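Single-structure report; data block below.
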Amino acid sequence: MQNSATPTHCPYCALQCGMNLTPSPDGTVEVTERADFPVNRGALCGKGRTAPAVLSSSVRLTSPLVRSEGKLVPASWDEALDRIAEELSRTRTEHGPDACGVFGGGGLTNEKAYTLGKFARVVLGTSQIDYNGRFCMSSAAAAGMKAFGLDRGLPFPLEDIPKTGCVILVGSNLAETMPPSLRFFSELRENGGTLIVIDPRRTKTAEQADLHLAPRPGTDLALALGLLHLIVAEGRTDEEYIRERTTGWEDARAAAMAHWPEYVERITGVHVPQLREAVRMFCEPEAAMVLTARGPEQQSKGTDTVGAWINLCLATGRAGRPLSGYGCLTGQGNGQGGREHGQKADQLPGYRKLTDPAARQHVAQVWGVDPDSLPGPGRSAYELLDALGTDIRALLLMGSNPVVSAPRAAHIEERIKSLDFLAVCDVVLSETAALADVVLPVTQWAEETGTTTNLEGRVLLRRQAITPPEGIRSDLDVMHELADRLGVEKGFPTDPEEVFEELRRASAGGPADYSGITYRRLIEENGVFWPCPTPADTSDAGDHPGTPRLFLDRFATEDGRARFVPVSHRAIAEEPDDEYPVLLTTGRVVAQYQSGAQTRRVDELNAAAPGPFVELHPRLAERLGAAEGDPVAVVSRRGRAVAPARITTTIRPDTVFMPFHWSGEGRANTLTNPALDPTSRMPEFKACAVRLETVKP
């Protein structure tokens, strides 16, 4: 065990805040400020400060577990790995390679995500691989690809935010989801800029805004179109920019003009004077930004919704210019890198398309396989989970907890139970791991080295600070051992830097080009922004400085122009009716993270956020006959959840809110609708019809 402080990064959200870790003789690990990292400048939220608590052997898994006579019991590594290899081999033999599924996570390092994609396609030969990042950023990614030809969460560093004139923040409560980032928005206002927050709830973030718009959940698309209508009507478009740097404006403008302000007011509940004020605030400064998060993205029309906000930026000349642009606030720790390097159903490393013959040729050459041996695109995340137990008979799962995090979660739990075989690699015994046939205890952030890519597109190096407990292995070790047992003896190294060197070659020339990045550069430069290619005339990395700001000269399309995409408002998949008259929306609270598998094991965080709740307006509570703290049942067409009432005027009277961090009877995702966006295949987490019932003692 090291005794000095190790500079590294937080294991949680996509800020990837810098921190120092120092182990103590008593086995605890101290977190101290790391002021040199520009994203958080030393600041940490409660989750970051308490992250070492999950390193304790009293909390985490310390031995492989194998199901015997219906119970998970400790086993040796050889026994556990042999069992997994035997079951995967049997499934392939009896049902074909696509009967084996692989499900990854947005918290895996780039090295793990890369290796997992390679393992699925080279060792198992399966097309059935996707990851939980499909539930988080995929609609913004799809819209960004359509408009700009490239998807990177933020096309500029966070440090640009305080220097712009106005930010429209759509569907993000970053005061609770990414607290250290709030300082950039506070500095924006201190510098004379303005903040517009769009959210059905008056969140802690909305309280910081100069203007808060509270649309009905699922109507963000209409809101964006109404704002664009006003921009056109008031003559606020940048015609020179549109002419020189974009295509498709005529069709997009025609679509927007069908959404006049009074019509948009009826759909969204946002009054016309507020719409006009938002347009004034956004258009008057020389520079402005639009940032979206899960609110507009987690809808069955999420790609079109984000596209409408991008159109707003393009029409006003706000993209590809200094201190302006559209950006997505990526959620998971490595949500950006996780979707770039091959664990997504339709992609190869470097953000290459699996259907592109040249991409297949390049990656196959790096992997030493025949391009024709690589399977084609598979199912998206929810569709993969929905096929468990039928088309997919065995599943290898790493770094995800779909029993809590998937939409229509009770159904997905049953699908998981119907599998012939489930193997899970995790740090803790999550609700999903508890259903497995084999559970492998793997190293976590402070116990291993590897890279992540934060929401800015900044590639970072997390460095090992402590030695893992005896008997714990890394996910890279697991895939090496399984590949060997399944007949592939080479190509799956266990050293993360060796894996990264291969990832560099595989990504070279792709949209997400990491070929000019090395571990040495990441240490010396505090991270490097992709794309960072290696110059063609040299094999040495370091000649390219990286790309903090994208699109300043041209967009990543064939003609270098951004594309307007015409979109029109449409209803959510499940509107309220007489039987289910209320809208449910979901989200996070500051003291918990994602499915809560790790944070719910930290005493300090549980004291701050001990369990689920139902947030509802006093008028709705009065009609229901519910008082503060009373148990309330929320019922949708998919199931029933029960949690205490939290009565507040900060939510719309037609809407209830539930956080999604808990399992059991308060599991919010029991209720959510798996209706999928046709492009991104993102489920509609953010809006579904429910009814409320009182619960008798």
Side-chain angles (χ1 to χ4, degrees), residues 139 143 147 166-172 194-202 206 209-237 249-284 288-293 295-316 318 326 564-576 583 585 651-655 677 684 686-687 689:
S139 291
C166 177
V167 174
I168 299 180
L169 188 62
V170 190
S172 172
T194 56
L195 175 63
I196 302 170
V197 171
I198 297 171
D199 198 302
R201 305 163 62 222
R202 187 164 181 79
D210 298 279
L211 178 64
H212 172 219
L213 307 182
R216 185 173 178 267
T219 64
D220 311 84
L221 175 52
L223 181 61
L225 288 164
L227 295 178
L228 183 52
H229 177 111
L230 285 170
I231 285 169
V232 174
E234 296 178 6
R236 295 181 182 270
T237 56
W249 169 232
E250 295 300 325
D251 289 342
R253 180 176 60 185
M257 296 313 288
H259 298 75
W260 60 95
E262 292 76 14
Y263 172 58
V264 169
E265 180 181 84
R266 290 199 301 271
I267 294 170
T268 65
V270 178
H271 299 305
V272 172
Q274 290 183 298
L275 298 176
R276 293 189 184 278
E277 178 64 5
V279 165
R280 183 195 66 77
M281 291 170 62
F282 183 68
C283 292
E284 284 188 353
M289 299 174 179
V290 173
L291 304 177
T292 66
E297 297 163 24
Q298 288 182 325
Q299 299 183 29
S300 58
K301 53 188 175 186
T303 302
D304 284 357
T305 301
V306 173
W309 290 105
I310 291 175
N311 286 348
L312 198 74
C313 290
L314 296 177
T316 53
R318 306 298 201 183
Y326 163 77
F564 282 97
V565 178
V567 294
S568 296
H569 170 71
R570 61 183 186 273
I572 60 174
E574 187 180 72
E575 289 282 356
L583 279 168
T585 192
I651 192 168
R652 292 173 54 97
D654 59 1
T655 300
D677 179 284
E684 193 154 58
K686 286 300 180 188

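This structure is a prediction, so every number in the text was calculated from the model and none was measured. Residue numbers run from 1 in the order of the sequence given.
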Please report the closest heavy-atom contact between [X] and [Y], naming both atoms and the distance.
X: Arg236; Y: Val279; answer: CD-CG1, 3.6 Å
X: Ala687; Y: Ile572; answer: CB-CD1, 3.8 Å
X: Ile267; Y: Ala222; answer: CG2-CB, 3.8 Å
X: Asp220; Y: Gln299; answer: OD1-NE2, 2.7 Å
X: Val567; Y: Ala255; answer: O-CB, 3.3 Å
X: Arg652; Y: Arg216; answer: NH1-N, 3.5 Å

Going from [atom1] on [X] to [atom2] on [Y], what distance comes out if it is rounded to the nearest 0.5 angstrom?
X: Leu228; Y: Arg253; atom1: CG; atom2: CZ; value: 10.0 Å
X: Thr219; Y: His569; atom1: OG1; atom2: NE2; value: 7.0 Å
X: Lys301; Y: Leu221; atom1: NZ; atom2: CG; value: 5.5 Å
X: Asn311; Y: Leu225; atom1: CG; atom2: CG; value: 8.0 Å
X: Met289; Y: Ile196; atom1: CE; atom2: CD1; value: 14.0 Å

If we only count heavy atoms from C-beta on, is the [X] to [Y] side-chain gap below 4.5 Å?
X: Arg318; Y: Val290; answer: no
X: Val270; Y: Ile198; answer: no
X: Leu213; Y: Thr268; answer: no
X: Leu291; Y: Val167; answer: yes
X: Thr292; Y: Tyr326; answer: yes

Salt-bridge criterion met for Glu234 and Arg276 (N-O under 4.0 Å): yes

Pairing of Arg570 and Asp304 as salt bridge, 4.0 angstrom limit: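 A salt bridge is present here (some side-chain N lies under 4.0 Å from a carboxylate O).
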
Side chain to side chain contact (heavy atoms under 4.5 Å, CB included) assessment of His229 paired with Val264: CA-CA 10 Å; His229 177 111; Val264 169; over 6 Å; no

Trp309 and Leu227: CA distance, side-chain angles, deciding distance, side chain to side chain contact (heavy atoms under 4.5 Å, CB included) verdict: CA-CA 9 Å; Trp309 290 105; Leu227 295 178; 3.8 Å; yes

Side chain to side chain contact (heavy atoms under 4.5 Å, CB included) assessment of Val170 paired with Leu223: CA-CA 11 Å; Val170 190; Leu223 181 61; over 6 Å; no

Side chain to side chain contact (heavy atoms under 4.5 Å, CB included) assessment of Thr305 paired with Ser139: CA-CA 9 Å; Thr305 301; Ser139 291; over 6 Å; no

So, does [X] use its side chain to make a donor-acceptor pair with the main chain of [Y] at under 3.5 Å?
X: His259; Y: Ser568; answer: no
X: Ser172; Y: Leu169; answer: no
X: Thr585; Y: Lys686; answer: yes

